[in-house]
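I have placed the structure first, in the form of structure tokens, so that the comments after it can refer back to it.
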Amino acid sequence: MSTPNGAPYEPAPQQQTPQQQAPHQAPAQGTAPAAVPGRPQAPGMPKVLRGAIWIAIGALIAAAIVCVVWVLIGPQSNELVGRAFLTIVLLAGFSACVLLEASLAERRPPWLVLASMVGWVLVLLVGAVKIWAPFEVVDDGYGGTYTDENVAERIWHLLLAIGLVQLAVWTQHFLWKAHQRHVTTFTRAITIATTALTGALVLMLLFFLAFADTFDFHEFYWRLVVALAILAVVGTLMIPLLNALFAPKKPRPAPYAAAPGYGAPQAAPQLQQWPTYADGRTPLPVMPDGSPDWNAYYTGVPTAFQAPAPAPQAPMQQQPPAQQPPMPQQPVPPVPPAPQPPVPPVPPYPGDQGGHMPPR
């Protein structure tokens with residue numbers, strides 16, 4: 001078939017609907033699936049959260065391997081089954097805490113998620129040490145020994161470790177949040193130094209809680225702990241105090257105003273007083289536009305101004321009044337004459353004979 005011009009006829013391509021298009025093909029291996037139009041895409045996991053979860057997985061695997069090796073090559077005792085059960089409970093609790101942190105990560109800063117994960121890893125290590133550390137052998141004073149199974153003390157140390165880590169993490173969270181209000185070089189240096197001191201203090205206390213029954217801690221160790229605690233507390237308190245002195249104040253919202261006719265009666269609007277001279281009594285002159293003469297306030301002499309001359313107006317030409325077209329007259333119908341009563345006949349004169357008037 002050909003067109004009238006002689007060119008061969010080619011049918012126009014038809015647009016295919018999404019149902020008529022080729023079926024969706026699976027993406028190649030190693031490539032991300034194509035985005036489907038109209039369907040919201042799930043946001044990817046942040047890199048910090050992903051790294052924190054990998055740290056938690058590595059710590060979980062390492063703790064499990066150490067516990068298994070201790071079970072296989074450690075000394076055989078009656079407490080082996082109990083310690084293995086406590087290890088399972090510890091690992092399950094650690095996994096639950098990691099899942100909880102991952103579910104709350106979207107509402108927290110990335111560094112807080114990472115710090116919290118690291119804190120739970122430290123708690124896991126302390127718990128593993130408290131479970132598998134051998135009990136202390138104490139001399140009874142009579143040439144014999146006995147094992148001091150201080151289980152309650154070890155559980156108390158583990159709870160203290162959990163509370164210490166969480167307190168340090170949330171203290172740093174509020175410290176950096178307060179630091180964001182007024183950032184200077186001085187406040188940033190104080191915040192970084194306070195964070196470092198707090199981290200060192202937490203590590204020293206966790207080391208004591210983990211190996212309280214294993215090592216004898218020297219007096220200088222505790223002197224150093226107290227010094228770090230004092231410096232960390234001072235640095236934490238300085239940031240809010242500096243904010244109270246130098247940080248810009250937040251504007252307070254206006255108080256709620258009651259609707260007209262309800263609540264307290266509204267005060268009448270006060271009129272602004274007209275400005276005066278320096279004596280406070282003589283009012284300033286008024287300019288042609290209605291504003292005060294501020295130059296007179298500084299010079300003491302009213303500003304001289306000339307009234308604008310009226311613009312000449314062109315003589316208006318009187319136009320003849322427009323003539324209205326004559327109204328068409330409608331024909332008046334003829335008025336019929338009023339009917340006349342009939343004239344009665346004149347009676348004959350009494351002396352008339354034959355109907356003639358007598359001569360006079």
Side-chain angles (χ1 to χ4, degrees), residues 27 30-36 38-67 86-131 157-183 187-188 190-207 209-210 232 235-236 239-240 243 250:
T31 60
V36 179
R39 180 180 300 176
Q41 300 296 322
M45 182 180 297
K47 294 183 179 180
V48 176
L49 178 60
R50 188 185 300 273
I53 293 179
W54 276 112
I55 292 175
I57 293 175
L60 185 64
I61 295 174
I65 292 176
V66 171
C67 295
L86 292 178
T87 303
I88 295 174
V89 173
L90 178 65
L91 297 179
F94 173 76
S95 302
C97 294
V98 170
L99 292 177
L100 179 62
E101 293 290 341
S103 62
L104 299 177
E106 296 180 357
R107 294 177 290 179
R108 296 180 178 179
W111 70 267
L112 180 61
V113 177
L114 181 59
S116 185
M117 287 290 186
V118 172
W120 285 116
V121 170
L122 295 177
V123 170
L124 174 65
L125 297 179
V126 172
V129 171
K130 303 304 290 186
I131 291 175
H157 286 173
L158 179 59
L159 295 178
L160 285 179
I162 296 175
L164 176 65
V165 169
Q166 294 302 313
L167 177 63
V169 169
W170 285 103
T171 301
Q172 294 304 307
H173 169 61
F174 291 113
L175 174 65
W176 282 93
K177 189 175 181 180
H179 169 66
Q180 296 297 327
R181 288 189 55 193
H182 184 62
V183 181
T187 57
R188 181 172 292 275
I190 292 178
T191 307
I192 295 175
T194 303
T195 302
L197 293 174
T198 304
L201 177 63
V202 170
L203 291 178
M204 294 185 69
L205 291 177
L206 288 179
F207 186 80
L209 294 175
T236 304
I239 298 301
N243 287 341
K250 295 182 179 179

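Numbers for residues simply follow the sequence, beginning at 1. Quick note: numbers below take in every heavy atom, side chains included, and nothing from hydrogens, waters or symmetry partners.
- Here NE2 of H157 is found 13.5 Å from CD1 of I162. Values are rounded to the nearest 0.5 Å.
- Residues V165 and L206 are in side-chain contact: their nearest non-hydrogen atoms beyond the backbone lie under 4.5 Å apart.
- Counting only distance, with no hydrogens or angles, the side chain of N243 and the backbone of R181 share no donor-acceptor pair below 3.5 Å.
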* To do: For T236 and T171, run side-chain contact (heavy atoms from CB on, under 4.5 Å): C-alpha distance rounded to whole Å, both residues' side-chain angles, the deciding distance at 0.1 Å, then the answer.
  => CA-CA 8 Å; T236 304; T171 301; 3.9 Å; yes

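- For W54, there are no ring-ring contact (aromatic ring centres under 6.0 Å, His included) partners two or more places apart in sequence or in a different chain.
- In terms of modelled atom types and a separation under 3.5 Å, the side chain of T187 and the main chain of V183 share no donor-acceptor contact.
- Expressed to the nearest 0.5 Å, how far CD1 of I61 lies from CG of L91 amounts to 11.0 Å.
- Two residues are said to be in side-chain contact when any heavy atoms from C-beta on lie closer than 4.5 Å; T195 and W176 meet this criterion.
- For S116 (side chain) and V113 (main-chain N/O), no donor-acceptor pair under 3.5 Å exists by modelled atom type.
- Between the NE2 atom in H182 and the CD1 atom in I239 there is a gap of 9.5 Å [rounded to 0.5 Å].
- In plain terms, the two heavy atoms of A168 and T198 that are nearest each other are CB-CG2, 4.2 Å.
- Side-chain atoms of L158 and L209, non-hydrogen and from C-beta on, never get closer than 4.5 Å to each other.
- Classification of the W170-F174 ring pair by plane angle, with boundaries at 30° and 60°, yields tilted.
- Once rounded to the nearest 0.5 Å, the distance linking NZ of K130 with CG of L159 reads 11.5 Å.
- Note that CH2 of W120 is 13.5 Å distant from CG of L125, once rounded to the nearest 0.5 Å.
- Of all heavy-atom pairs spanning A56 and V121, the tightest one is CA-CG2, 4.3 Å.
- Annotation for L60 and S95: closest pair CD2-OG, 3.7 Å, computed over non-hydrogen atoms.
- To the nearest 0.5 Å, the span separating CG on L114 from CZ on R108 amounts to 13.0 Å.
- Paired with L164 under the rule side-chain contact (heavy atoms from CB on, under 4.5 Å), one option of V123, L205, V169 passes, and it is L205.
- Residues T191 and R188 are not in side-chain contact: their nearest non-hydrogen atoms beyond the backbone lie 4.5 Å or more apart.
- Summarising the geometry of Q172 relative to T194, their closest heavy-atom pair is NE2-O, 4.3 Å, with the distance given to 0.1 Å.
- Side-chain contact between L122 and L203 is present, with at least one heavy-atom pair separated by less than 4.5 Å.
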